[in-house]
Amino acid sequence: MHTRLSVNINKIATLRNARGGNNPNVLKAAIDAQLFGAEGITVHPRPDERHITYKDVREIKPIITTEFNIEGNPSEKKFVDLVLEVKPHQVTLVPDASQQLTSDHGWDTIKHKAFLIDIIGTFKKAGIRVSIFVDPDVKMIEAAANTFTDRIELYTEGYARLFAAGHPLKAIKPYIAAAELANKLKLGINAGHDLDLHNLAYFKKHIPHLDEVSIGHALICDALYLGFENTIQLYKRQLQTEA
Ligand SMILES: CC(=O)[C@@H](O)[C@H](O)COP(=O)(O)O
Ligand SMILES: NCC(=O)COP(=O)(O)O
């Protein structure tokens, strides 16, 4: 099964914001990433706009030739309004608190079932595919199916940490079970967070029915040494291994 690579360009915006100018140009990066082989562009406009701004999101939409995935916490009305205005191909709902350094947990799909059903219905009515960020916990995935989400996104920091510590089997096990259950429940399967050139091929080889990975931090760091086009091609090559 083909797995799409969606390039998260948050960190291009981090570098641009460091000087308050327009270098590197985030729009150019989105255009070029797609020319270099990215099959999607992911952005995560956080409430403090520490990297991707709401203005960036509006400017990126018209140059999308692949798929546009906007991540964020739908508890923020401003975020919901932006997504309904921009109408990306996909919105990925992430339960981050505003001051969090980065995303570090998935939804409690049992506790927040009613909220998720409501907000997912709003986005789906607008014709936007919905993915929700979840830990590889079968109880959370079972409950995710009851929210009518189109997809789940498996939060892969736990996998990346154990893989880096030299325990690939222990790292991948919960994700295989999660993916098999999600597929049985007719949920699409995305994955992301801390995936990189070392751990991606093993993940792709063992995870069935993987629709998309969204990768940002490690990919942009690699691009500083290996070049943006070459790096995107290297990441896509890791996804050519079959589960
Ligand atoms: C949801 C997720 O795991 C990442 O896409 C997240 O958007 C990364 O956010 P930062 O780039 O702000 O660390
Ligand atoms: N949803 C994951 C994502 O978009 C990028 O996460 P990371 O590669 O920056 O950790």
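We count ligands from 1, going down the list as the structure has it; atoms in each ligand are counted the same way.
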Go ahead and list the nitrogen or oxygen contacts between ligand 2 and the protein that come in under 3.5 Å, distances to 0.1 Å, or just say none.
| residue | atom | partner | partner atom | Å |
| --- | --- | --- | --- | --- |
| ligand 2 | 1 (N) | E71 | OE2 | 2.6 |
| ligand 2 | 1 (N) | E153 | OE2 | 2.6 |
| ligand 2 | 1 (N) | S214 | OG | 2.9 |
| ligand 2 | 4 (O) | N8 | ND2 | 2.8 |
| ligand 2 | 4 (O) | E71 | OE2 | 3.3 |
| ligand 2 | 4 (O) | S214 | OG | 3.3 |
| ligand 2 | 8 (O) | G216 | N | 2.8 |
| ligand 2 | 8 (O) | H217 | N | 3.4 |
| ligand 2 | 9 (O) | H217 | N | 2.8 |
| ligand 2 | 10 (O) | D194 | N | 2.8 |

State, without any angle test, whether T53 and R58 hold a side-chain donor-acceptor pair at a distance under 3.5 Å.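 No - no donor-acceptor pair under 3.5 Å links their side chains.
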Is a side-chain donor-acceptor pair under 3.5 Å present for Y235 with D196?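 Checked: D196/Y235 side chains show no N/O donor-acceptor pair below 3.5 Å.
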Applying a 4.0 Å heavy-atom criterion (strictly less than), which segment of [X] is in contact with ligand 1: side chain, backbone, both, or neither?
X: K11; answer: side chain
X: R50; answer: neither
X: T92; answer: neither
X: F133; answer: side chain

For ligand 1 and R46, I'd like to know whether there is a polar contact (N/O to N/O, distance under 3.5 Å).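 Right, the criterion is met.
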Can you confirm, on distance only, whether ligand 1 has an N/O atom lying under 3.5 Å from any N/O atom belonging to H44?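 Yes, since at least one N or O of H44 sits under 3.5 Å from an N or O of ligand 1.
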Among E39, H89, Q34, whose side chain to side chain donor-acceptor pair (under 3.5 Å) with T66 holds?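 Result for side chain to side chain donor-acceptor pair (under 3.5 Å) with T66: Q34.
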Between H44 and H51, how do the two ring planes meet: parallel, tilted or perpendicular, split at 30° and 60°?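 Correct class here is perpendicular.
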Is [Y] paired with [X] through a side-chain N to carboxylate O contact shorter than 4.0 Å?
X: R50; Y: D48; value: yes
X: K139; Y: D108; value: no
X: K184; Y: E180; value: no
X: E67; Y: R129; value: yes

So, do T149 and K124 sit near enough that their side-chain heavy atoms are less than 4.5 Å apart?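 No, every pair of side-chain atoms sits at 4.5 Å or beyond.
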Could you check if a side-chain atom of L84 sits within less than 4.5 angstrom of a side-chain atom of F123, using non-hydrogen atoms only?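 They are in contact (side-chain heavy atoms under 4.5 Å apart), so the answer is yes.
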Subset of ligand 1 atoms that lie under 4.0 Å from at least one heavy atom of H51: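 Per the distance check, 10 (P), 11 (O), 12 (O).
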Mark up the atoms of ligand 1 that fall under 4.0 Å of a heavy atom belonging to H193, in ascending order.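 It comes down to these atoms of ligand 1: 2 (C), 3 (O), 4 (C).
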